[in-house]
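In the text below, chain A, chain B and the rest are named by the order of the sequence lines, each starting its count at 1.
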Protein chains: 2
Amino acid sequence: MTDSVKPRARAADKRRRLTTEAARVLHEQGVERTTLADIARAADVPLGNVYYYFKTKDELVSAALSEHSARLAEFTDRLDLLPDPRERLAALVQSWIDRRETAARHGCPTGTLAVELDKRADGTLDAEVAAVIRRLLEWATEQFRQLGLPEPDELAVTLVSAYQGMSLLANALRDPDLMARQGARLLRWLNALDATAPAD
Amino acid sequence: MTDSVKPRARAADKRRRLTTEAARVLHEQGVERTTLADIARAADVPLGNVYYYFKTKDELVSAALSEHSARLAEFTDRLDLLPDPRERLAALVQSWIDRRETAARHGCPTGTLAVELDKRADGTLDAEVAAVIRRLLEWATEQFRQLGLPEPDELAVTLVSAYQGMSLLANALRDPDLMARQGARLLRWLNALDATAPAD
DNA sequence: GTCTATATCTCGATAGAC
DNA sequence: GTCTATCGAGATATAGAC
């Protein structure tokens, strides 16, 4: 009986390993510079076997995107446990600051993926990466709304935009400290936002 | 005598055409998805002849980067003719807003190039793209300094960061309007910056 | 389900005629 | 200086034994 379960469990494990490693390696090396052999090696799966789990390279990219989406959802779910929306937003910004070393080395996983995918004539995955970004925007919008601020959706765009911008600069200039300083600035901005003030 | 000049003129012309088209096509399709054949076709130069002007593909990428750098320098030189630093900065932001359609389709030329180049193990061109970004940062820093604002370098990072972020979001979400709205927000921010206020 | 071997294709780069 | 033809590396994807 265990014999019939073991192979199944291993199979699921391989799929998971491939997905996890795809997310990591694609973030580090980019889609175009990453070969299926790279991912197979990282996941410790023979090259030819990859195709049993994913029919094409794009399916692996899609799986990596889902992985990022799931991690984001998991994180915002944890943030939702905090009582104050402003605290939730601050915790999000703090998590960006905490990840500054990775951001300086490889940029934002979703952001850099979006840049690469938008360069392709075949726009098959554009909608998927846009959906991940939109999810974060919507979560942030909800927090600003709960704070009673005007134009919460615009504030959300400003926040996420600032994050993408500082990730890109920190990455291009190889300067994690830039991320820390701009993050601190964002925290001050969040604290200064006032519901009684005109649209800021 | 004209016989000896004509071929020279044509040769210089071909090099220029290759550089211009490389800058355009590499921006639109990205480095990895662009073949030398793409650039050769766009510049109306036979593929084999490209190698007479540029020894490698990377040399063409480098030429494209120089092209972007030159255009930026030309633009800031024109802005320097304006009497007020705040006006200069506002004109820069306005130029970003004016280019929103291109940004939504292909992102910022330098920013997306930086993302792609940073994914390569071979970091040969990283310094070059960083130099272009630094040039813009330095110009902006000088404007904030002339306005007598504290931490002008940090304000410059915030400004350029906001630009890169909104370009990325506008591109990923295919929404030029996002760029217009965030640009307007930046203009308001610029106008509200006050030399007498504490570090903002 | 697993893995090796390989077909097929694309692209950067070169050789060499003109 | 110009251009055609092609080489050779490296990638995705498949065939087919186990």
> If the condition is side-chain hydrogen bond (donor to acceptor under 3.5 Å, both in side chains), which residues does B:Arg145 pass it with, not counting sequence neighbours?
B:Glu142

> Find the distance A:Arg41:CZ to C:dC3:P and express it as a whole number of Å.
16 Å

> Quick one, which residues of residues 113-128 of chain B touch DNA chain C with a heavy atom under 4.0 Å?
none

> Could you check whether B:Glu21 pairs with B:Arg17 (Lys NZ or Arg NE/NH1/NH2 to Asp/Glu carboxylate O, under 4.0 Å)?
no

> Using the side-chain contact (heavy atoms from CB on, under 4.5 Å) criterion, which residues pair with A:Thr56? Sequence neighbours excluded.
A:Asp58, A:Glu59

> Roughly, in whole Å, what's the span from CG in B:Asn49 to P in C:dG12?
16 Å

> What is the distance, rounded to the nearest whole Å, between atom CD of A:Glu32 and atom P of C:dG12?
12 Å

> Would you please name every residue forming a side-chain hydrogen bond (donor to acceptor under 3.5 Å, both in side chains) with B:Arg16, sequence neighbours left out?
none

> Using whole Å, report how far CG of B:Asp38 lies from P of C:dA13.
14 Å

> Which residues pass the salt bridge (Lys or Arg N to Asp or Glu O under 4.0 Å) test with A:Arg105, sequence neighbours left out?
none

> For B:Asp77, give me all partners under side-chain hydrogen bond (donor to acceptor under 3.5 Å, both in side chains), at least two apart in sequence or on another chain.
none

> Measuring to OP1 and OP2 of D:dG1, would you say a side-chain N or O of B:Tyr53 lies under 4.0 angstrom away?
no

> Starting from P on D:dC3, measure out to CG on B:Asp44 and report it in whole angstrom.
9 Å

> What does nucleotides 11-18 of chain D look like as a protein-contact string, B for base, S for sugar-phosphate only, - for none, at under 4.0 angstrom between heavy atoms?
SSBB----

> Starting from C1' on C:dT2, measure out to CG on A:Asp13 and report it in whole angstrom.
15 Å

> Atom CG of B:Leu60 to atom P of C:dC11: distance rounded to whole Å?
16 Å

> Compute the angle between the rotation axes at the two ends of the helix from C:dG1-D:dC18 to C:dC18-D:dG1, each taken over five pairs, rounded to 10 degrees.
10°

> Could you work out, with side-chain contact (heavy atoms from CB on, under 4.5 Å) as the rule, every residue matching A:Ala156, not counting sequence neighbours?
A:Leu137, A:Ala140, A:Thr141, A:Phe144

> Can you list everything that forms a side-chain contact (heavy atoms from CB on, under 4.5 Å) with A:Ala73? Sequence neighbours excluded, please.
A:Arg135

> Could you tell me which residues satisfy side-chain hydrogen bond (donor to acceptor under 3.5 Å, both in side chains) with A:Thr19, sequence neighbours excluded, listed by chain and number?
none

> Can a salt bridge be assigned to the pair A:Arg174 and B:Asp118 using a cut-off of 4.0 Å between side-chain N and carboxylate O?
yes

> Does B:Ala23 have any side-chain contact (heavy atoms from CB on, under 4.5 Å) partners at least two apart in sequence or in another chain, and if so, which?
B:Ala64, B:Glu67, B:His68, B:Arg71

